[in-house]
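The structure that follows is given in the form of structure tokens.
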Amino acid sequence: MAVNFCGQLNFPNLYALFLAPSGMGKETIRRVGAEVVSAYRPTEQIPEGLASVQALQNMTVRLKKLYWLNDEFGRDLQVMNGARNNANVTNIITECLKLYSNSNNRHYLPRVVAQDAKTGDDVESVDRPSLSIFATGNPSEFFDAAGENLLQNGYLARFTIVKGRDYSEKKTVDFYESQEAPVLELSRGAKKIIQNWVDIENAACNDAYIVGYNQAAFDCFKSFDEENEKKIK
């Protein structure tokens, strides 16, 4: 017998890092991510970088769900290791740590900065903020900068890290083959999945969203939990 859990829809905060040397096609992968965001919210601009923690907070307040393409991940790790002193980057990383754990917070309050305190304006809270990060980087820079303290503060541990091949031969094409190369575009099936998710969000905007729960769902979660326990040990 299925048991229905009734509650407001939460949004997962996904942090992912793809490592590959220069010239291996990281930009194409980043463009796919940009296409997904464009299909989900055509008017949204995807930040390639954030100059300050205030910029991240302002976009979080305005959009609630934010997708960030980070192509300077090795630089960020150097900052965290103290190799380069940049308070803005350090504060951005601290905010990312907080956002990751607050996807179910109905009243998330961004850090109050000095300018907000001076003006006396009310700081707006955010209903269930969501930040997804897709970062790319060079493997050598990543492993040079990665250290024990990065695992201890939890930032690096939040990322799903995929290491691509070190090198692959480029496929050569002639003139006619180059003309037939398909334009980068999401498939109809992918766009349909994205639209279904948008419909679910709209339906759950004000009313509770009901998720069916049965033995198959329980077994799936149990198996996933057991596998994670093995990896942790």
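FYI, side chains are in, hydrogens and waters are out, and symmetry mates aren't considered; it's all heavy atoms of this structure.
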inquiry  = Can you confirm whether Q195 sits close enough to K191 that some side-chain heavy atom of one is under 4.5 Å from a side-chain heavy atom of the other?
reply    =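 Result no, sub-4.5 Å side-chain heavy-atom pair not found.
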task = Mind checking the OG-CG spacing from S130 to N102? Nearest 0.5 Å is all I need.
result =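 Interatomic distance, S130 OG to N102 CG, rounded to 0.5 Å: 11.5 Å.
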task = Side-chain contact test, heavy atoms from C-beta onward, threshold under 4.5 Å: evaluate it for V198 versus Y40 and give yes or no.
result =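 In contact.
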query = Under 3.5 Å, is there a donor-acceptor pair between the D219 and Q215 side chains?
reply =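 Q215 and D219 do have a side-chain donor-acceptor pair below 3.5 Å.
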query = With hydrophobic residues grouped by side-chain heavy-atom distances under 4.5 Å, do I193 and I200 end up in a single group?
reply =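 They do not share one cluster, since no chain of ILVMFWY contacts under 4.5 Å joins I193 to I200.
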query = Are R30 and E35 ion-paired here, with the side-chain N under 4.0 Å from a carboxylate O?
reply =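 Answer for the salt bridge query: no.
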query = For L131 and T60, what are the C-alpha separation, side-chain angles and deciding distance, and is it a side-chain contact (heavy atoms from CB on, under 4.5 Å)?
reply = CA-CA 8 Å; L131 171 65; T60 302; 6.0 Å; no
key: Residues in side-chain contact (heavy atoms from CB on, under 4.5 Å) contact with V61, at least two apart in sequence or another chain   =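 Applying side-chain contact (heavy atoms from CB on, under 4.5 Å) to V61 gives P110, E124, V126.
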ask   = In Å and rounded to the nearest 0.5 Å, what is the NZ to OH distance from K98 to Y108?
value =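 Between atom NZ of K98 and atom OH of Y108 there are 4.0 Å.
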message = List the residues meeting ring pair (Phe, Tyr, Trp, His ring centres under 6.0 Å) with Y15, not counting sequence neighbours, and say none if there are none.
response =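 Y15 satisfies ring pair (Phe, Tyr, Trp, His ring centres under 6.0 Å) with Y100, F159 only.
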ask   = Do any N or O atoms from the side chain of D225 and from the backbone of F221 form a donor-acceptor pair under 3.5 angstrom?
value =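 It does not hold such a pair.
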message = Checking the side chain of N13 only, and the main-chain atoms of L99 only, is there a donor and an acceptor separated by less than 3.5 Å?
response =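 Checked: pair present.
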key: K163 NZ: over 12 foreign heavy atoms closer than 6.0 Å   =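 More than 12 heavy atoms, drawn from other residues, nucleotides or ligands, come within 6.0 Å of this atom.
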inquiry  = Applying side-chain contact (heavy atoms from CB on, under 4.5 Å) to V36 and L186, what does each step give before you reach the verdict?
reply    = CA-CA 8 Å; V36 171; L186 294 179; 4.2 Å; yes
message = Minimum heavy-atom separation for Y67 and G33, please, with both atom names.
response =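 Heavy atoms of Y67 and G33 come nearest at OH-CA, 3.6 Å.
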ask   = Side-chain contact, heavy-atom cut-off 4.5 Å: F224 with C220?
value =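 They are not in contact (no side-chain heavy atoms under 4.5 Å apart), so the answer is no.
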Validation row: P21, P139 side chains within 4.5 angstrom (heavy atoms) =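 Yes, side chains in contact.
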query = After noting the C-alpha distance and the side-chain angles of F73 and T136, does the key distance pass the side-chain contact (heavy atoms from CB on, under 4.5 Å) rule?
reply = CA-CA 7 Å; F73 199 76; T136 55; over 6 Å; no
ask   = Can you list the residues that meet the salt bridge (Lys or Arg N to Asp or Glu O under 4.0 Å) rule with K222, with sequence neighbours excluded?
value =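 Counting only residues at least two positions away or on another chain, K222 forms a salt bridge (Lys or Arg N to Asp or Glu O under 4.0 Å) with E226.
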request  = Taking atom NZ of K26 as the centre, report whether more than 12 heavy atoms of other residues, nucleotides or ligands fall under 6.0 Å from it.
outcome  =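 Enclosed.
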Side-chain touch T160/L14, heavy atoms, less than 4.5 angstrom =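 Not touching, per the 4.5 Å side-chain cut-off.
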inquiry  = Working to the nearest 0.5 angstrom, can you tell me the gap between I29 CD1 and L69 CG?
reply    =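 Answer for the CD1-CG pair, I29 versus L69, is 11.5 Å.
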Side chain to side chain, N70 and F134, heavy atoms closer than 4.5 Å =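 Answer no - side chains too far apart.
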query = What pairs with F175 under side-chain contact (heavy atoms from CB on, under 4.5 Å), at least two apart in sequence or on another chain?
reply =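 Scan of F175 (side-chain contact (heavy atoms from CB on, under 4.5 Å), adjacent residues dropped) gives S178, Q179.
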ask   = Looking at side-chain heavy atoms only, is the closest gap between L56 and C96 below 4.5 Å?
value =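 Touching, per the 4.5 Å side-chain cut-off.
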request  = Evaluate the side-chain contact (heavy atoms from CB on, under 4.5 Å) criterion for residues R188 and K192: first the C-alpha distance (whole Å), next the side-chain angles of each, then the deciding distance (0.1 Å), finally the verdict.
outcome  = CA-CA 6 Å; R188 286 187 178 181; K192 179 62 176 176; over 6 Å; no
key: Any residue meeting side-chain contact (heavy atoms from CB on, under 4.5 Å) with S52, in chain and number order, not counting sequence neighbours   =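 Partners of S52 under the side-chain contact (heavy atoms from CB on, under 4.5 Å) test: Q54, A55, N88.
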ask   = If you measure from CG on D127 to CG on N104, what distance do you get to the nearest 0.5 Å?
value =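 If I round to the nearest 0.5 Å, the distance is 10.5 Å.
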ask   = Taking atom NZ of K231 and atom NZ of K233, what is their separation to the nearest 0.5 Å?
value =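 Atom-to-atom, K231:NZ and K233:NZ are 14.5 Å apart.
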request  = For the pair S38 (side chain) and A34 (backbone), establish whether a donor and an acceptor sit closer than 3.5 Å, ignoring hydrogens and angles.
outcome  =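 Side chain of S38 to backbone of A34, a donor-acceptor pair under 3.5 Å: no, none is there.
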key: Donor-acceptor contact below 3.5 Å, side chain N214 vs main chain A217   =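 Such a contact is found between N214 side chain and A217 backbone.
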R128 side chain near K64 side chain, heavy-atom distance below 4.5 Å =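 No, too far: nothing below the 4.5 Å cut-off.
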query = Listed by chain and number, what are the salt bridge (Lys or Arg N to Asp or Glu O under 4.0 Å) partners of R41, not counting sequence neighbours?
reply =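 Listed in chain order: E44.
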